[in-house]
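I have placed the structure first, in the form of structure tokens, so that the comments after it can refer back to it.
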Amino acid sequence: MNENPNPRIRQDILFGLKLGAVMIGAALLFTLARKQGWIDAEQVLRWNSVVMGLALAAYANAIPKMYGPPPRTLHHATLAQAVRRVTSWALTLAFLVWAALWAFAPRGIAQIGSVAAVGTGVAVMFGYLVWKATRSASGR
């Protein structure tokens with residue numbers, strides 16, 4: 001008997017662990033570079049934020065392929081896939097904007113803009129979810 005009914009779960013966990021290791025490794029490298037005098041504290045903050053934004057964008061991009069509970073009906077399956085797809089696009093774009101702001105914008109704009117970008121992505125995600133669920137419920 002197969003112990004793991006869905007091998008995708010293991011892949012999802014390993015992907016998350018790899019991204020976490022990349023973020024920790026980058027933070028350690030940036031700290032070492034600062035201690036060596038190659039970069040200053042501002043650059044450590046900026047590059048850590050860029051790496052975090054890119055890693056989260058990569059993770060968000062994988063959302064449509066991630067394992068979820070088995071759908072009860074074909075309708076639930078198509079609804080779940082549509083919501084995952086829009087969530088993925090909204091969050092991937094939001095985190096790419098986050099990374100770009102921290103890489104190129106002045107610090108004040110990067111701080112406010114990155115939070116606004118992710119907030120907008122989350123608002124789009126929840127807005128689509130509510131719209132799709134209410135439209136689906138009223139269409140029955």
Side-chain angles (χ1 to χ4, degrees):
M1 182 171 179
N2 189 2
E3 291 181 25
N4 188 359
N6 190 344
R8 184 72 197 170
I9 295 172
R10 180 181 168 102
Q11 292 174 340
D12 292 344
I13 291 170
L14 286 175
F15 182 61
L17 290 172
K18 288 175 186 177
L19 285 177
V22 166
M23 291 190 314
I24 291 170
L28 291 172
L29 285 174
F30 297 142
T31 302
L32 175 66
R34 180 170 182 248
K35 290 195 184 282
Q36 296 295 323
W38 298 335
I39 60 176
D40 62 1
E42 172 76 15
Q43 290 174 320
V44 171
L45 172 69
R46 284 184 168 277
W47 288 111
N48 274 326
S49 295
V50 168
V51 168
M52 184 171 44
L54 293 174
L56 290 171
Y59 193 77
N61 190 46
I63 289 173
K65 297 179 216 129
M66 289 188 176
Y67 177 73
R72 292 177 285 181
T73 64
L74 180 60
H75 173 71
H76 286 113
T78 57
L79 178 64
Q81 186 61 29
V83 169
R84 281 188 185 133
R85 195 175 301 115
V86 170
T87 296
S88 177
W89 273 101
L91 293 181
T92 299
L93 291 174
F95 285 119
L96 288 175
V97 169
W98 165 301
L101 285 170
W102 277 104
F104 302 113
R107 184 174 177 177
I109 293 173
Q111 286 174 325
I112 294 168
S114 60
V115 172
V118 174
T120 302
V122 170
V124 167
M125 174 186 73
F126 280 122
Y128 183 78
L129 173 64
V130 169
W131 176 75
K132 194 75 169 168
T134 56
R135 187 175 141 230
S136 173
S138 65
R140 285 187 171 176

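Count residues from 1 along the sequence.
- In this structure, K18 and V22 have side chains that are not in contact, with every pair of non-hydrogen atoms separated by 4.5 Å or more.
- Summarising the geometry, atom CG belonging to L56 is positioned 12.5 Å from atom CG belonging to N61; distances are rounded to the nearest 0.5 Å.
- In this structure, the separation between CG on L45 and CZ on R34 is 11.0 Å, given to the nearest 0.5 Å.
- The minimum heavy-atom distance between A103 and V50, with the atom names listed, is N-CG2, 3.6 Å.
- Of all the heavy atoms in A62 and F15, the pair that sits closest is CB-CE2, 3.9 Å.
- We find the CG-CZ distance between L101 and R46 to be 9.5 Å, quoted to the nearest 0.5 Å.
- Proximity of L91 to V122: side-chain heavy atoms (C-beta onward) are separated by under 4.5 Å at one or more points.
- With contacts defined as side-chain heavy-atom distances shorter than 4.5 Å, the pair T120/V97 does not qualify.
- For the pair M125/V86, no side-chain contact is recorded, criterion being any heavy-atom separation below 4.5 Å from C-beta on.
- With contacts defined as side-chain heavy-atom distances shorter than 4.5 Å, the pair M52/F95 does not qualify.
- Counting all heavy atoms, side chain and backbone alike, Q43 lies closest to I39 at OE1-CB, 3.0 Å.
- Side-chain contact between T92 and W89 is absent, with no heavy-atom pair separated by less than 4.5 Å.
- Each of F104 and I112 belongs to its own hydrophobic cluster when Ile, Leu, Val, Met, Phe, Trp and Tyr are linked at side-chain heavy-atom distances under 4.5 angstrom.
- Under the 3.5 Å distance criterion, the side-chain polar atoms of S88 are left unmatched by any main-chain donor or acceptor of P64.
- Note: L29 CG to N48 CG = 10.0 Å, rounded to the nearest 0.5 Å.
- Note on V51 and I24: separate hydrophobic clusters, where clusters join Ile, Leu, Val, Met, Phe, Trp and Tyr whose side-chain heavy atoms are under 4.5 Å apart, directly or indirectly.
- Considering all non-hydrogen atoms of both residues, A117 and A94 come closest at O-CB, 3.4 Å.
- Applying the side chain to side chain donor-acceptor pair (under 3.5 Å) test to every pair with at least one member in residues 100-117, sequence neighbours left out, gives these pairs: E42-R107, W102-S114.
- For the atom pair R135 CZ and L79 CG, the distance stands at 10.0 Å (nearest 0.5 Å).
- Each of L54 and L93 belongs to its own hydrophobic cluster when Ile, Leu, Val, Met, Phe, Trp and Tyr are linked at side-chain heavy-atom distances under 4.5 angstrom.
- Applying the ring pair (Phe, Tyr, Trp, His ring centres under 6.0 Å) test to Y59 and every residue at least two apart in sequence or in another chain returns nothing.
- Judged purely by atom type and a 3.5 angstrom limit, W98 uses its side chain to pair as donor or acceptor with the backbone of S49.
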